[in-house]
Peer 1: 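Take this structure, written in C-alpha cells, and hold onto it; I'll ask about it next.
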Amino acid sequence: MSLTGSTLKTLRNIVGDKGVLTSSAELAAYSFDGTTNWQSTPDVVVFPSCSENISEIMKLANDGNIPVTVRGAGTNLSGGSIPVSGGIVLCTARMNKIIEIDAANFTVSAEVGVVLNDLNQELTKRNLFFPPDPQSFLAATLGGCVSENAGGPYALKYGVFKHYLLGMTAVLPSGEVLELGGKTVKNVTGYDLPLLLCGSEGTLAVITQVTLRLLSLPPARQTVLAIFNEVATAGNAVHQILASGILPAKIELMDNWVIRRIEETTPLGLPLEAEAILLFELDGIAEAVNLETKGVIDLCRQAGATEVRAARDPEEAENFWTARRSGFSAVFGHSPTVMSEDVTVSPSRIPELINRIKDLAKTLDLTIVIIGHAGDGNLHPSVLTDRNDPDHYGRAELAIAEIFSAALELGGNVSGEHGIGLEKKKFLKYALSPDSIRLLKEIKKAFDPKGILNPGKIWE
Ligand SMILES: Cc1cc2nc3c(=O)[nH]c(=O)nc-3n(C[C@H](O)[C@H](O)[C@H](O)COP(=O)(O)OP(=O)(O)OC[C@H]3O[C@@H](n4cnc5c(N)ncnc54)[C@H](O)[C@@H]3O)c2cc1C
C-alpha cells in the first residue's frame, strides 16, 4: 500500500521531520531482520520518542487501516519485524532511556528501545544482575526481547524474560495507553496481561516501557569446558550433573562443525575430531562454586568426557563464551541462506533429537549445524543452504519440516525462544490444537479488531 501525502505530513507533525524516513535506500534498511530468507519494504519508518507519540501514530493507523510493524533492533530470527504488508515500521530506537534503577527493591524501569547490553553495563556498576541473556545482547532491545520472550544460556538456572517482567506501559492499536502489572514480584490482580503481551511478537499492542525484576550479581563464577567423542555421552553427562543436585547457570552444547569454525577464527586448542563440547558456568557464593566446579568435572569424567578443563581465569572464561557466541555468527557467515531453527525437547531427549538431525543431514546431503542450550533442551539446528539453488533449498525446507516433526514426536515444541513470526507459521497447526488457535485468534481480535498490528504473523 502507499501512504497519502497527508498521512506522511501527520506523521512528521507527530515525531518531527527527522523521525520519518521515506527514501528507498532508507526503507530498504528496514526491510530485513535477523533471518536471511524474508524481506519486505515498508512505506515509511517512524521513530517515536514517547508513549504519546505512539498513541497518536496508532490512532492515525487505526483510522486509515494502515499496517504497523514494530521494530526494536531487528535481530529476531523468525521474520517477526518484517513489514509483510508494507505500511508503517515503528522503530523504538529513540526510546532508549533507563528511567529508574531501584536498587533497594531490585527493579528497573526502562523505555523499550534500551539495548540489553547498555542496561547490563549500568546494572553491573551497581552490583545488580538481569539474567536473561539472548546472545544478541549487544543489539537487541528490551521491547524486542519482551515481545519474543527471549532467553539465552542463563535460562537453565534463571529463566527467560517472562520470569522478570513485573509491569509495562502498552499502547493498543486504537491508541489507548494502558498501565499493566506493577513493581511487585507477587501480583495476582486479574488476568496477567503483561505475561500475555510477553511473547506476543508485536501482534497485540506496542509496548513502550517495562519494569523488570533484578537480582544481585553472583559473587563468584567459574567456567568449565568438557570435550566428548559422542553427543550421546555429552547428553548423559548433562543428565548426571542435573540429577546430582548441581544446577549450573549455563550448559551450552556445540557440535563438531562449530568447533572447527571456532578453531579457524579464534584458536583455543579444541580437538578438531571432538563430536561435542559442553560449556558450563557455575555461579554463586565462592565456596559453593568451588565445590560445584569439582562436582561437574568429576561427573563429566565419569560420564566419558575425553578432556575437562576449568577456565584458568576470567579472561579465559570470556574467550570460551566469546567462542560460543561467535559459533552462531560463523553459521551465518558460511552460506548465503541459513535456516536457523529453535526446537525444544526435554533435556533427556536431546541425544535422540541430535541423532535424528544427523541422519537427516546424511539422507538429504545437507550441512546441519547444531548449537544448543543443553541444560534446558533448546537446540538451534541451522541448515546451511542457498535460496537461489532450488534443489538445495527444497531439501533444506524438507529437513526443517522433518526437524519440527521430530521435536513434536519427542514431546517438544517448535519454538523455545525465537517465536513463530513468518518462519514457523505453517507449522503452528501441528504444535497447537485447532481450539487453541481459535482462542489465540479471538485474543488477537480483542486487542486489534482491524488487524493492523504486525499483520501476516503467527498463523496462516
Ligand atoms: C546472533 C544472534 C543471536 C541470538 N541469540 C538469541 C538467544 O540466545 N536467545 C533468544 O531468545 N533470541 C536470540 N536471538 C534472536 C533475537 O535477538 C531476539 O528475538 C530478540 O529478542 C529480538 O530483539 P530486537 O530488539 O532485535 O527485536 P526485533 O527483532 O526488532 O523485534 C522482534 C519482535 O518483537 C516485536 N517488537 C519489538 N519491539 C516491540 C515493542 N516495543 N512492542 C511490541 N512489539 C515489539 C517486533 O514486531 C517483532 O515481532 C539472536 C539473534 C541473533 C541475530
Side-chain angles (χ1 to χ4, degrees), residues 30 32-36 38 42 45 48 51 54 58 67-84 88-96 110-117 132-155 159-162 168-173 194 197-210 250 252 321 324-333 338 340-342 344 371-373 376 378-380 382 415-423 447-448 453-458:
Y30 292 83
F32 297 95
D33 62 9
T35 52
T36 52
W38 302 101
V45 181
S51 303
I54 293 180
M58 293 315 300
V68 178
T69 304
V70 189
R71 181 183 175 101
T75 66
N76 75 88
L77 296 171
S78 53
S81 56
I82 304 276
V84 276
I88 300 173
V89 160
L90 188 160
C91 182
T92 60
R94 274 186 182 179
M95 297 176 60
N96 60 358
E111 291 183 331
V112 282
V114 169
V115 170
L116 185 52
N117 193 51
D133 56 342
Q135 296 298 281
S136 49
F137 59 81
L138 290 174
T141 63
L142 295 182
C145 291
V146 169
S147 301
E148 295 289 358
N149 191 14
Y154 275 132
V160 298
F161 257 79
K162 70 178 175 189
M168 62 167 63
T169 308
V171 179
L172 290 178
L197 293 190
C198 185
S200 66
E201 305 185 42
T203 61
L204 298 181
V206 187
I207 305 165
T208 63
Q209 289 183 13
V210 287
K250 310 179 189 173
E252 294 293 289
W321 288 109
R324 156 64 180 90
R325 276 198 298 282
S326 53
F328 217 76
S329 324
V331 173
F332 277 89
V338 178
S340 177
E341 281 317 334
D342 163 41
T344 299
I371 300 181
H373 311 294
D376 59 28
N378 186 197
L379 286 189
H380 298 306
S382 298
S415 174
E417 51 185 25
H418 295 167
I420 302 298
L422 296 170
E423 192 90 5
F447 276 82
D448 182 16
L453 202 49
N454 212 357
K457 307 295 163 65
I458 303 186

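Read the numbers this way: they start at 1 and go in the same order the structure lists the ligands and their atoms.
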Peer 1: Considering only the protein, which heavy-atom contact is closest to atom 1 (C) of ligand 1, and what is its distance?
Peer 2: F328 CD2, 3.6 Å
Peer 1: Heavy-atom contact under 4.0 Å between A205 and ligand 1?
Peer 2: yes
Peer 1: Identify, by atom number and element, the atoms of ligand 1 in contact range of C145, meaning under 4.0 Å from any of its heavy atoms.
Peer 2: 21 (O), 23 (O)
Peer 1: Between V146 and C198, is any pair of side-chain heavy atoms under 4.5 Å apart?
Peer 2: yes
Peer 1: Determine whether a donor-acceptor pair (N or O, by modelled atom type, separation under 3.5 Å) exists between the side chain of Q135 and the backbone of R325.
Peer 2: no
Peer 1: Is there at least one pair of N or O atoms, one from G34 and one from ligand 1, spaced under 3.5 Å apart?
Peer 2: no
Peer 1: Does any N/O atom on G74 come nearer than 3.5 Å to any N/O atom on ligand 1?
Peer 2: yes
Peer 1: D448: what forms a salt bridge (charged side-chain N to carboxylate O under 4.0 Å, His left out) with it, not counting sequence neighbours?
Peer 2: K444
Peer 1: Got a donor-acceptor contact below 3.5 angstrom from the D376 side chain to the A155 backbone?
Peer 2: no
Peer 1: Could you go through M58 and L453, starting from their C-alpha distance and side-chain angles, then the distance that decides it, and tell me whether this counts as side chain to side chain contact (heavy atoms under 4.5 Å, CB included)?
Peer 2: CA-CA 9 Å; M58 293 315 300; L453 202 49; 3.9 Å; yes
Peer 1: Do the side-chain N and O atoms of H373 and E417 include a donor-acceptor pair separated by under 3.5 angstrom?
Peer 2: yes
Peer 1: Evaluate the side-chain proximity of M168 to Q209: yes if any heavy-atom separation is below 4.5 Å, no if none is.
Peer 2: no
Peer 1: Return the closest protein heavy atom for atom 33 (C) of ligand 1 as residue, atom name and distance.
Peer 2: E148 OE2, 3.1 Å
Peer 1: Identify, by atom number and element, the atoms of ligand 1 in contact range of A150, meaning under 4.0 Å from any of its heavy atoms.
Peer 2: 11 (O), 21 (O)
Peer 1: Below the 3.5 angstrom mark, is there an N/O of R71, backbone or side chain, next to an N/O of ligand 1?
Peer 2: no
Peer 1: Which ligand 1 atoms are under 4.0 Å away from a heavy-atom of E201?
Peer 2: 49 (O)
Peer 1: In sequence, state the C-alpha distance, the side-chain angles, and the governing distance for N454 and T69, and then conclude on side chain to side chain contact (heavy atoms under 4.5 Å, CB included).
Peer 2: CA-CA 5 Å; N454 212 357; T69 304; 3.5 Å; yes
Peer 1: V112 versus ligand 1: do any nitrogen or oxygen atoms come within less than 3.5 Å of each other?
Peer 2: no
Peer 1: Run the side chain to side chain contact (heavy atoms under 4.5 Å, CB included) test on D133 and K250 for me, step by step, so that the C-alpha distance in whole Å, both residues' side-chain angles and the decisive distance to 0.1 Å come before the verdict.
Peer 2: CA-CA 11 Å; D133 56 342; K250 310 179 189 173; 4.0 Å; yes
Peer 1: What part of Q135 sits under 4.0 Å from ligand 1 if we count only heavy atoms: the side chain, the backbone, both or neither?
Peer 2: both
Peer 1: Enumerate the atoms of ligand 1 whose separation from the nearest heavy atom of N454 is less than 4.0 angstrom.
Peer 2: 47 (O), 49 (O)
Peer 1: Any luck finding a side-chain donor-acceptor pair between E423 and W38 under 3.5 Å?
Peer 2: yes
Peer 1: Examine ligand 1 and decide if any of its atoms is less than 4.0 Å from a heavy atom belonging to L77.
Peer 2: yes
Peer 1: I'd like to know if the side chain of D342 reaches the main chain of G416, judged simply by a donor and an acceptor atom lying under 3.5 Å from each other, with no hydrogens or angles considered.
Peer 2: yes
Peer 1: Looking only at protein heavy atoms, which one is nearest to atom 27 (O) of ligand 1, and what is the separation?
Peer 2: G144 CA, 3.3 Å
Peer 1: How long is the gap from CG on L116 to CG on L142, to the nearest 0.5 Å?
Peer 2: 6.5 Å
Peer 1: Just distances here: any N/O of G152 and N/O of ligand 1 closer than 3.5 Å?
Peer 2: no
Peer 1: What protein heavy atom sits nearest atom 40 (C) of ligand 1, and how far off is it?
Peer 2: V70 CG1, 3.5 Å
Peer 1: Please list the nearest protein heavy atom to atom 41 (N) of ligand 1 with its residue and the distance rounded to 0.1 Å.
Peer 2: I207 O, 2.9 Å
Peer 1: Is there any N or O on G151 that sits under 3.5 Å from an N or O of ligand 1?
Peer 2: yes
Peer 1: Give me the atom names and distance for the closest heavy-atom approach of P48 to M95.
Peer 2: O-CG, 3.4 Å
Peer 1: Using a 4.0 Å cutoff against the non-hydrogen atoms of S136, which atoms of ligand 1 qualify?
Peer 2: 2 (C), 3 (C), 4 (C), 5 (N), 14 (N), 16 (C), 17 (O), 50 (C), 51 (C), 52 (C)
Peer 1: Heavy atoms only: which of L138, T35, N76 is nearest to atom 29 (O) of ligand 1?
Peer 2: N76
Peer 1: Does ligand 1 come near enough to T75 that some N or O of the ligand is less than 3.5 Å from an N or O of the residue?
Peer 2: yes
Peer 1: Among E341, E148, H380, E201, whose side chain to side chain contact (heavy atoms under 4.5 Å, CB included) with H418 holds?
Peer 2: H380
Peer 1: Any nitrogen or oxygen of T141, main chain or side chain, under 3.5 Å from a nitrogen or oxygen of ligand 1?
Peer 2: yes
Peer 1: If you measure every N or O of A73 against every N or O of ligand 1, does any of those distances drop under 3.5 Å?
Peer 2: yes
Peer 1: Give me the nearest non-hydrogen protein atom to atom 13 (C) of ligand 1 as residue plus atom name, then the distance to 0.1 Å.
Peer 2: H418 NE2, 3.8 Å
Peer 1: Is there a polar contact between ligand 1 and G80, counting only N or O atoms under 3.5 Å apart?
Peer 2: yes
Peer 1: Look at atom 44 (N) of ligand 1 and find which of S147, A155, P132 reaches it with the closest heavy atom.
Peer 2: S147
Peer 1: Between K457 and L422, is a side chain to side chain contact (heavy atoms under 4.5 Å, CB included) present by the stated rule, with each step listed?
Peer 2: CA-CA 5 Å; K457 307 295 163 65; L422 296 170; 3.7 Å; yes
